[in-house]
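Shown next, in structure tokens, is the structure this report addresses.
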Amino acid sequence: MIDLRQLRENPDQFLARLNLRGDYSAPIREILALDQQQRQIEVERSQLQARSNEIGKQVGQKIKSAAKDDPEVQALRDQGNQIKAQLGELEPQEKAIKAQLEALALTIPNLPDPATPVGKSEEENVEIKRWGDEYLPAQAELPHWEIGERLGILNFERSVKIAQSRFVTLIGAGAALERALIQFMLDRQTAAGYTEISPPFLVNTASLTASGQLPKFAEESFKCDKDDLWLLPTAEVAINSLHRDEILEAESLPLHYCAYTPCFRREAGSYGRDTRGLIRLHQFDKVEMFKFVHPDTSGPEHESLLQNAEAILQALRLPYRVITLCTGDLGFSAVKTYDLEVWMPSQGKYREISSCSNCGDFQSRRGNVRFKEAGKKGTQFLHTLNGSGLAVGRTMAAILENYQQPDGMVKLPKALQPYLNREML
RNA sequence: GGAGAGGUGGCAGAGUGGUCGAAUGCGCUCGACUUGAAAUCGAGUGUACGCAAGUACCGAGGGUUCGAAUCCCUCCCUCUCCGCCA
């Protein structure tokens with residue numbers, strides 16, 4: 001959620017930064033107007049209520065002093081009724097305006113960080129690092145789905161029978177590899193200080209709204225029609241709501257969590273893209289990292305989050321690069337995002353395998369997660385960060401392609417061998 | 001799914017129409033006493049908006065009333081028992 005006070009106090013500066021994402025002038029103008037109306041009505045309403053409270057007290061006193069039938073009592077009652085009538089008009093107005101304001105404000109994305117490069121589309125994302133050139137395979141071979149199907153460890157056709165396209169069934173060593181990767185990543189991230197969470201895989205509307213998936217991106221999630229429940233699109237949603245409506249002690253920060261969950265996405269509007277393989281599925285596994293931090297520390301916390309994600313790729317000896325998303329490609333809730341892209345030999349390019357975002361206080365406003373500093377009065381919104389550590393399906397795809405041998409076999413990265421008790425798939 | 005009970009401040013728990021943001025206890029903070037601690041005593045201790053006065057919040061929403069934590073309606077959630085079930 002945007003900070004209405006910040007907008008109100010400095011609308012031009014606010015809009016200038018927001019418009020680095022696209023043109024939000026119209027809704028912002030509307031929000032400012034609604035905000036002003038709302039505040040005006042609120043002043044009027046609370047004055048009437050003060051008067052009404054006073055009348056209520058007076059009536060109570062008169063009645064107590066046995067003057068039940070005092071004509072003054074009737075006069076006060078009449079006044080009370082008058083005020084009630086006025087409030088009866090103001091209150092619905094104020095409520096309607098508040099609801100409108102809230103609904104509109106929830107559709108405004110976060111302001112980009114000054115460090116986020118300005119750009120219109122993913123073309124203008126900035127590469128900041130490459131790692132692992134020495135591990136690039138000598139020549140491009142088969143795409144991972146062919147490798148996997150030859151080995152008999154992935155099956156897409158049968159998944160259509162079971163479900164639909166964009167699902168996979170893992171068999172034998174494939175299933176074991178997935179399990180090993182999950183275990184490996186969780187081992188690494190818990191060793192890095194993240195507390196492991198296993199959250200519900202169904203989440204309610206409030207949780208999706210808090211993290212920013214709703215109201216704007218309802219099309220992207222699967223909904224259970226009969227209940228107020230949706231299939232989890234990412235563990236970020238669940239962990240972000242772990243402390244929803246709480247006031248934490250400053251000393252308890254930072255909180256570092258990680259979680260393995262499946263993720264469910266409708267992938268609406270991506271019909272032609274990545275139709276084969278493990279890259280874009282309706283269901284995939286991910287180990288997610290999530291941090292609740294003091295606002296002063298979110299910058300460094302973001303850097304270390306990135307390092308924790310990179311560490312997995314380095315341990316697996318998978319070549320990758322790091323890019324900073326530009327303002328035009330930045331996700332809805334983020335102020336700054338690093339994407340990790342792993343080398344996919346069959347495609348001859350780097351593909352996203354992790355996204356590490358600093359969301360500032362955007363999600364904590366939406367989820368009302370605050371902290372209190374000893375000695376300071378009032379509360380503050382904390383900062384949240386999230387990052388994949390990593391997407392399991394894409395990691396598996398990258399391993400199959402980067403570790404394929406001339407004979408069609410696939411070697412296992414050294415770090416994984418103990419988990420599977422074997423060297424080759 | 002059937003039957004019942006209930007949702008009040010960090011926790012426990014009073015309050016069933018009037019000055020109740022809410023008794024009391026516990027917890028917590030500060031102070032006194034003490035060599036130190038415990039015990040004891042004293043003061044304080046929710047959130048949001050507002051410069052303030054003040055307003056709002058006792059699961060959520062609506063209603064009755066001059067006035068609602070308290071009465072009525074709807075919804076949500078939790079707990080107990082039974083049934084079913086991993």
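Order of the sequence lines fixes the chain letters, A, B, ..., with proteins taken first and strands second; residue numbering starts at 1 for each chain.
Judged as a salt bridge (Lys or Arg N to Asp or Glu O under 4.0 Å), not a single pair has a partner in residues 231-257 of chain A (not counting sequence neighbours). Residues in residues 146-183 of chain A take part in these ring-ring contact (aromatic ring centres under 6.0 Å, His included) pairs, two or more places apart or across chains: A:Phe167-A:His282. Evaluation of the salt bridge (Lys or Arg N to Asp or Glu O under 4.0 Å) test over residues 197-221 of chain A, restricted to residues two or more places apart or in two chains, returns A:Glu219-A:Arg266. Applying the salt bridge (Lys or Arg N to Asp or Glu O under 4.0 Å) test to residues at least two apart or on different chains, the pairs with a partner in residues 12-39 of chain A are A:Arg8-A:Asp35. Residue pairs meeting the salt bridge (Lys or Arg N to Asp or Glu O under 4.0 Å) criterion with at least one member in residues 411-425 of chain A, sequence neighbours excluded, do not occur.
Listed by chain and residue number, nothing satisfies the salt bridge (charged side-chain N to carboxylate O under 4.0 Å, His left out) test with A:Glu146 (two or more places apart in sequence, or in another chain). Evaluation of the side chain to side chain contact (heavy atoms under 4.5 Å, CB included) rule for A:Glu352 yields A:Asp339, A:Ser355, A:Arg394 as partners, not counting sequence neighbours. With sequence neighbours left out, the side chain to side chain donor-acceptor pair (under 3.5 Å) criterion links A:Glu301 to A:His256, A:Lys291.
Between A:Gly80 and A:Gln49, the one whose closest nucleotide on RNA chain B sits nearer the 5' end is A:Gln49.
In this structure, A:Gln79 places its CD atom 14 Å from C1' of B:G67, rounding to the nearest Å. Here the C1' atom of nucleotide B:C66 and the CG atom of A:Leu87 are 12 Å apart, to the nearest Å. For the pair A:Arg45 CZ and B:A56 P, the computed distance is 7 Å after rounding to whole Å. The interatomic distance linking A:Glu91 (CD) with B:U55 (C1') rounds to 12 Å, in whole Å. Rounded to a whole Å, the CG atom of A:Leu90 is 14 Å from the C1' atom of B:U55.
A close approach under 4.0 Å does occur between a side-chain nitrogen or oxygen of A:Lys84 and OP1 or OP2 of B:C66. OP1 or OP2 of B:G62 lies within a sub-4.0 Å distance of a side-chain N or O belonging to A:Lys95.
One P atom belongs to B:G44, the other to B:A38, and the distance between them is 22 Å to the nearest Å. Taking atom P in both B:A60 and B:C11, the straight-line distance is 15 Å, to the nearest Å. Comparing the same atom, P, in B:A69 and in B:G63 gives a spacing of 15 Å after rounding to whole Å.
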Counting primed atoms, P, OP1 and OP2 as sugar-phosphate and everything else as base, the B/S/- map of nucleotides 45-54 of chain B against protein heavy atoms under 4.0 Å is --SSSS---S
Given protein heavy atoms under 4.0 Å, the one-letter contact record of nucleotides 6-12 of chain B, with B base, S sugar-phosphate only and - none, is simply -------
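Side-chain contact of A:Tyr260 with A:Glu196: a donor-acceptor pair under 3.5 Å is absent, judged by distance alone.
Closest to the side chain of A:Ser52, from the set B:U19, B:G67, B:U55, is B:G67.
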Per-pair distances, 0.1 Å, donor-acceptor, side chain in residues 82-100 of chain A, under 3.5 Å, sequence neighbours excluded:
residue, atom, partner, partner atom, Å
A:Glu91, OE2, A:Gln49, NE2, 3.3
A:Glu94, OE1, A:Arg45, NH1, 2.7
A:Glu94, OE2, A:Arg45, NH1, 3.0

For RNA chain B, what is the dot-bracket line, given that a base pair needs Watson-Crick (N1 to N3, plus N6-O4 or O6-N4) or G-U wobble (N1-O2 and O6-N3) geometry with both distances under 3.5 Å, and | means paired with another strand? ((((((((.[[[..)..(.....]]]((((((.......))))))((((....)))).[[[[[..)....]]]]])))))))....
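Minimum heavy-atom separation, A:Cys224 to A:Leu231: SG-CD1, 3.9 Å.
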